[in-house]
Amino acid sequence: MLCDNCRERESKINFTTVEQDTKVTLHLCEQCAQQKGIETGEACPRCGRPLVKQYSKKTGQEFVGCPGWKEKENPCKYIKPREGEPERPEPVETEIQTPQAMQQETPD
Ligand SMILES: [Zn+2]
Ligand SMILES: [Zn+2]
C-alpha cells in the first residue's frame, strides 16, 4: 500500500487519529510520518514509547523526544541527544540535598 500522504513510497506506519469523532487511519511512509511528527521508528530507551519529532517553542528548534512528557502518571522526559551531542542531562528537577537530609545521623 502506498503512503496516503505522498503516494510515492510504500507505507510502513499505520497511524490512527480521531478527527471530528471519526477514526481516521493514515498509512504513511517513514518520511511522511516523521514530517508529521508521528513516529521515528525508535523507541524511548527509558520507557519504550515510540520517540517522536517535536517542536520546541522555547528554542525554536525541532528535537526528537519521548511523547511521555505530557503523561500525568509516570511522565518520561527523555530527549534524544543530537548527533555529536553528549547525553543530555535530565530536564527534570534535581534532588537537592538539603543540609537536613545530609545530617540524618546525629551524634546524639
Ligand atoms: Zn509518504
Ligand atoms: Zn520515554
Side-chain angles (χ1 to χ4, degrees):
M1 180 178 253
L2 290 177
C3 168
D4 286 338
N5 193 55
C6 63
R7 302 202 180 274
E8 278 174 25
R9 291 175 285 256
E10 188 72 15
S11 68
K12 286 187 180 168
I13 292 156
N14 292 346
F15 176 68
T16 306
T17 179
V18 176
E19 281 175 26
Q20 289 156 4
D21 294 334
T22 314
K23 231 183 186 186
V24 183
T25 302
L26 290 172
H27 306 275
L28 300 172
C29 67
E30 279 175 22
Q31 284 91 335
C32 291
Q34 277 189 26
Q35 273 172 23
K36 286 177 178 288
I38 292 169
E39 260 185 44
T40 63
E42 286 177 90
C44 173
R46 296 201 190 150
C47 69
R49 290 183 182 96
L51 295 180
V52 294
K53 216 179 221 184
Q54 302 182 57
Y55 177 77
S56 169
K57 279 185 195 159
K58 215 162 140 190
T59 61
Q61 287 183 318
E62 285 190 330
F63 62 94
V64 173
C66 182
W69 61 272
K70 51 196 165 192
E71 299 290 324
K72 280 192 186 125
E73 280 175 44
N74 302 320
C76 175
K77 297 183 181 179
Y78 176 78
I79 291 171
K80 190 186 173 195
R82 286 170 198 277
E83 257 178 71
E85 193 185 56
E87 178 83 16
R88 286 191 180 216
E90 292 251 348
V92 291
E93 315 92 89
T94 47
E95 275 188 62
I96 298 161
Q97 288 243 319
T98 60
Q100 256 184 340
M102 290 186 332
Q103 290 169 12
Q104 267 176 354
E105 281 181 56
T106 50
D108 289 318

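Numbering of ligands and ligand atoms starts at 1, following listing order.
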Going through the checks in order, is the side chain to side chain contact (heavy atoms under 4.5 Å, CB included) test met by R49 and C76?
CA-CA 9 Å; R49 290 183 182 96; C76 175; 3.7 Å; yes
Open item on the list: In this structure, would V64 and Y78 fall into the same cluster of hydrophobic residues linked by side-chain contacts under 4.5 Å?
Closed with: yes
- Item | Heavy-atom check, side chain of C66 versus side chain of L51, under 4.5 Å | yes
Vertex the Zn ion (ligand 1), ends C6/SG and C3/SG: angle to nearest 10° comes to 110°
Row for the Zn ion (ligand 2): angle SG (C44) to SG (C76), 10° precision, value 110°
Which of E8, R9, R7, E10 passes side-chain contact (heavy atoms from CB on, under 4.5 Å) with C29? Answer is R9
The angle formed at the Zn ion (ligand 1) by SG of C29 and SG of C32 is about (to 10 degrees) 100°
